[in-house]
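Working notes, structure below.
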Amino acid sequence: QVQLVESGGGLVEVGDSLRLSCTNSARPFSQYAMGWFRQAPGKEREFVAALNWNGGVTYYADSVKGRFTISRDNAKNTMTLQMDSLKPEDTAVYFCAAEASYGLGPYNYDFWGQGTQVTVSS
C-alpha cells in the first residue's frame, strides 16, 4: 500500500527558503513518478513540479521555475521540494503525489498525501 507523508511546511517571510519532503512507503520507491501540487484558499489545486522515476527529467510550473527545485533520493524513499525566494502567492497547502510509472509526464497520479501548510508572510 502506498502511503505518502509530507513534512517541512511552516511560516516564513518573503524571500525566505523552505524545504519540503515527501516519503513514500511503497517499495520500490523508484517505480513511482512523483509530483508536488498546491492549493491555496478558495482556489483549485495546481501543479507545482514533478519528476520521473530516477529524477532525470523534471517539470515545473512557470510560476515556480527558477525558484523551486524538485529532487528525489530513491535510496531513502524521499522526494524533496526546495523552495527559494518565497512569495506571498506561494502560500498554500502542498501535496505530494505518486504514480507507478517509468515513463515521461504528464502523469495521472493515483496516490496523494495529506498535505503540509506553507505560509509566506509579507
Side-chain angles (χ1 to χ4, degrees):
Q1 185 175 354
V2 178
Q3 185 173 15
L4 305 178
V5 179
E6 303 95 338
S7 62
L11 173 63
V12 297
E13 296 184 349
V14 171
D16 283 352
S17 297
L18 205 58
R19 187 177 181 90
L20 304 183
S21 294
C22 173
T23 59
N24 183 344
S25 64
R27 301 293 186 272
F29 175 67
S30 60
Q31 77 174 12
Y32 291 88
M34 303 288 294
W36 288 99
F37 288 75
R38 66 187 182 187
Q39 186 167 20
K43 295 187 177 182
E44 293 188 353
R45 186 168 56 190
E46 64 174 1
F47 169 77
V48 176
L51 74 177
N52 73 329
W53 70 277
N54 65 355
V57 181
T58 57
Y59 307 88
Y60 294 95
D62 288 342
S63 59
V64 306
K65 205 171 292 183
R67 299 189 298 121
F68 290 11
T69 303
I70 190 172
S71 61
R72 67 189 294 163
D73 185 339
N74 286 345
K76 297 182 179 179
N77 299 321
T78 300
M79 172 183 65
T80 61
L81 184 68
Q82 177 67 39
M83 305 186 295
D84 298 320
S85 302
L86 283 163
K87 305 175 181 180
E89 51 264 44
D90 295 319
T91 295
V93 177
Y94 284 71
F95 299 89
C96 70
E99 181 200 355
S101 171
Y102 286 112
L104 300 178
Y107 301 108
N108 295 313
Y109 297 95
D110 301 309
F111 307 100
W112 295 83
Q114 294 299 307
T116 185
Q117 176 70 46
V118 172
T119 303
V120 184
S121 171
S122 57

Can you list everything that forms a salt bridge (Lys or Arg N to Asp or Glu O under 4.0 Å) with Glu46? Sequence neighbours excluded, please. Arg38
By salt bridge (Lys or Arg N to Asp or Glu O under 4.0 Å) - contacts of Arg67 (at least two apart): Asp90
Enumerate the ring pair (Phe, Tyr, Trp, His ring centres under 6.0 Å) contacts for residues 68-103, please, sequence neighbours excluded, ordered by first and then second residue. Trp53-Tyr102
Can you tell me which residue pairs pass the disulfide bond (SG atoms under 2.5 Å apart) test with a partner in residues 7-101, sequence neighbours excluded? Cys22-Cys96
Is there a donor-acceptor pair closer than 3.5 Å between any side-chain N or O of Tyr107 and the backbone N or O of Gly35? no
Give a yes or no on whether the backbone of Leu104 and the side-chain of Tyr59 come within a donor-acceptor separation of less than 3.5 Å. no
With Asp73, which residues qualify under side chain to side chain donor-acceptor pair (under 3.5 Å), at least two apart? none
Does Asp84 have any side-chain contact (heavy atoms from CB on, under 4.5 Å) partners at least two apart in sequence or in another chain, and if so, which? Ser17, Gln82
Step-by-step side chain to side chain contact (heavy atoms under 4.5 Å, CB included) determination, Lys87 to Val14: CA-CA 5 Å; Lys87 305 175 181 180; Val14 171; 5.7 Å; no
Those residues at least two apart in sequence (or on a different chain) that pass salt bridge (Lys or Arg N to Asp or Glu O under 4.0 Å) with Lys65 are Asp62
Any chain of hydrophobic side-chain contacts (each under 4.5 Å) joining Leu4 to Leu20? yes
Rounded distance (nearest 0.5 Å) linking atom CG of Asn24 with atom CE of Met34: 5.0 Å
Return each pair, listed once, that meets disulfide bond (SG atoms under 2.5 Å apart) where at least one residue sits in residues 51-85; pairs must be two or more places apart or across chains. none
Sequence neighbours excluded, every pair satisfying ring pair (Phe, Tyr, Trp, His ring centres under 6.0 Å) that has a member inside residues 13-39: Phe37-Phe47, Phe37-Tyr109, Phe37-Trp112
Applying side-chain contact (heavy atoms from CB on, under 4.5 Å) between Leu81 and each of Val48, Thr69, Val64, report the one that passes. Val48
Residue set satisfying side-chain contact (heavy atoms from CB on, under 4.5 Å) with Ser21, at least two apart, ordered chain then number -> Ser7, Thr78, Thr80
Is it true that Tyr60 and Leu86 fall in one hydrophobic cluster, defined by side-chain heavy atoms closer than 4.5 Å? yes
For residues 115-122, please give each side-chain donor-acceptor pair under 3.5 Å, one per line with the distance, not counting sequence neighbours.
| unit_1 | atom_1 | unit_2 | atom_2 | d |
| --- | --- | --- | --- | --- |
| Thr116 | OG1 | Gly9 | N | 3.2 |
| Gln117 | NE2 | Ala92 | O | 3.4 |
| Gln117 | NE2 | Thr119 | OG1 | 3.3 |

Could you tell me whether a side-chain N or O of Asn52 sits under 3.5 Å from a main-chain N or O of Ala33, the two making a donor and an acceptor? no
Using the disulfide bond (SG atoms under 2.5 Å apart) rule, collect all pairs that involve residues 35-86, keeping only residues at least two apart or in two chains. none
